[in-house]
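Here the structure is laid out as structure tokens; the discussion comes afterwards.
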Amino acid sequence: MTAAPPRKRLHSATRLLHAGAPALRDGAGPVNVPVVRTSTVRFENTAAQADHHHRRTAGERVASYGRHGLDTHRALEDAVVGLEGGHRAFLTPSGLSAITLVLLALLSPGDHALVADGVYAPLRRVDSTLLQRLGITVEYFSPTHDDLASRLRPNTRLLYLESPSSLLYEVLDVPALSAVARDRGVTVATDNTWSGGWFHQPLALGANISIQAATKYISGHSDLMQGIVVVDSPALAAKLSTAYEALGLTIGADDAYLALRGLRTLPVRLAQHQRNATAVAEFLQQQPQVSRVFYPALPTDPGHALWKRDFNGASGLVSFEFRHATPAAANAFVDALRLFGIGASWGGYESLALAAQPERLREHRQWTGDAPVVRLHIGLEDPRDLIADLAQAFADAAPAL
Ligand SMILES: *Cc1c(COP(=O)(O)O)cnc(C)c1O
């Protein structure tokens, strides 16, 4: 057998498939990383235990206790660092805990953080319940309407973005915003859940930290809760590591395994989500009851040019605004869907519908309408069946729309 080519010459889909593959022993071995479940790590002698402890405290990723995670965790971390192109990854029990970890790791009493107004809404609860109590000021701003430079204060420590935004999928100019913040020594974090890390690499565009809810596309099967934080430097890794350990964060090896399994098929799943979602978005655009479709891959979307520049594809999330419907009529439309499940979350193989809450929409400066919005996650079903289901729901709810 010829030697494998150097890793960096391989394309990213190939690297994702082989990341963390276990070495063969005695000439053979499994394809997949074993699930190494443990609480206790055993040592040969006290010197080995002390050596592990010292290496860990010096920043090396060796485990001296189960909470630090063993081989399965390492393999997932390596694969995600390869995907996002960063320095080090941290695995957390949910996407929200990944967000909270970043906020607590980087912000101290008296600090100020600027947060894009279209972020995943529960971040605002972290602010109102925890950060305010710690004397940390969070200011929400519109990255497309407000001038970032004039919002930065001497005590601003963090710029927090999400592109595209939740619900309305507003694409942000991550390179330009990051450049302004970094010029002033402000760390830039961005939520990259929408792209799964496959269609968008914010660390290459100037952000310092990429956050994902692995619950969504990395898992891909609606059977896992998990968050991932990837940082771009050893200095940030040290800060994150301190908070991560203090909070006692960890994930189970079975969950690390599931995320790694999901990662192997991320590119093929996302390509199909994009095909199906594009077909649905084009269908929605033609419906007389619909006034706007929010999907950056549509040439008519206001974020289309930025999306084309900074993304390699679009996910399965499509929102649309009704032209006249009341909230009750929008709910009747959602209730008339048969194939779409009704629920929050997304990123699994199945299609979902969610009537957006008006108070969530009003948090976005971008939102100027007052008609109801429905958020769809377009799954991997045959798109003809999805379109037929939407068509029958439009017909069924027609008198109210
Ligand atoms: C779902 C989601 C999260 C939170 O992830 P959980 O695992 O549900 O806690 C964070 N950011 C975005 C953009 C999300 O859609």
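Counting starts at 1 for both ligands and their atoms, in listed order. Hydrogens, waters and symmetry mates are skipped; everything else that's a heavy atom, side chains included, is used. Note that the structure is predicted; figures quoted are calculated from it, not measured.
In this pair, His377 and Trp346 present their aromatic rings tilted. The plane angle is within the 30 to 60° band. Ring geometry for Phe43 versus His52: interplanar angle over 60°, hence perpendicular rather than tilted (30 to 60°). By the 30° and 60° cut-offs, the orientation of the rings of Trp194 relative to Phe311 is perpendicular.
Of all atoms in ligand 1, numbered sequentially from 1 with element shown, those under 4.0 Å from a heavy atom of Gly95 are 4 (C), 5 (O), 6 (P), 7 (O), 9 (O). Which parts of ligand 1 touch Thr215 is read off a 4.0 Å heavy-atom cut-off, strictly below it: atoms 6 (P), 7 (O). Each of the atoms 4 (C), 5 (O), 6 (P), 9 (O) of ligand 1 lies under 4.0 Å from some heavy atom of Leu96. In summary, the atoms of ligand 1 found under 4.0 Å from a heavy atom of Met225, numbered by their order in the structure, are 6 (P), 7 (O), 8 (O). In summary, the atoms of ligand 1 found under 4.0 Å from a heavy atom of Ser94, numbered by their order in the structure, are 7 (O), 9 (O). For ligand 1, the atoms sitting less than 4.0 Å from at least one non-hydrogen atom of Trp346 are 15 (O), numbered in the order shown with element in parentheses.
Looking at Asp51 and Arg55, a side-chain N of the basic residue comes within less than 4.0 Å of a carboxylate O on the acidic one, giving a salt bridge.
Here the protein heavy atom with the shortest distance to atom 2 (C) of ligand 1 is Lys216 NZ, 2.4 Å. Residue, atom and distance of the protein heavy atom nearest to atom 11 (N) of ligand 1 are Asp191 OD2, 2.6 Å.
For the pair Arg124 and Tyr140, the cation-pi test (distance below 6.0 Å, angle within 45°) is passed.
For CD of Glu44, the number of neighbouring non-hydrogen atoms (other residues, nucleotides, ligands) closer than 6.0 Å is 12 at most.
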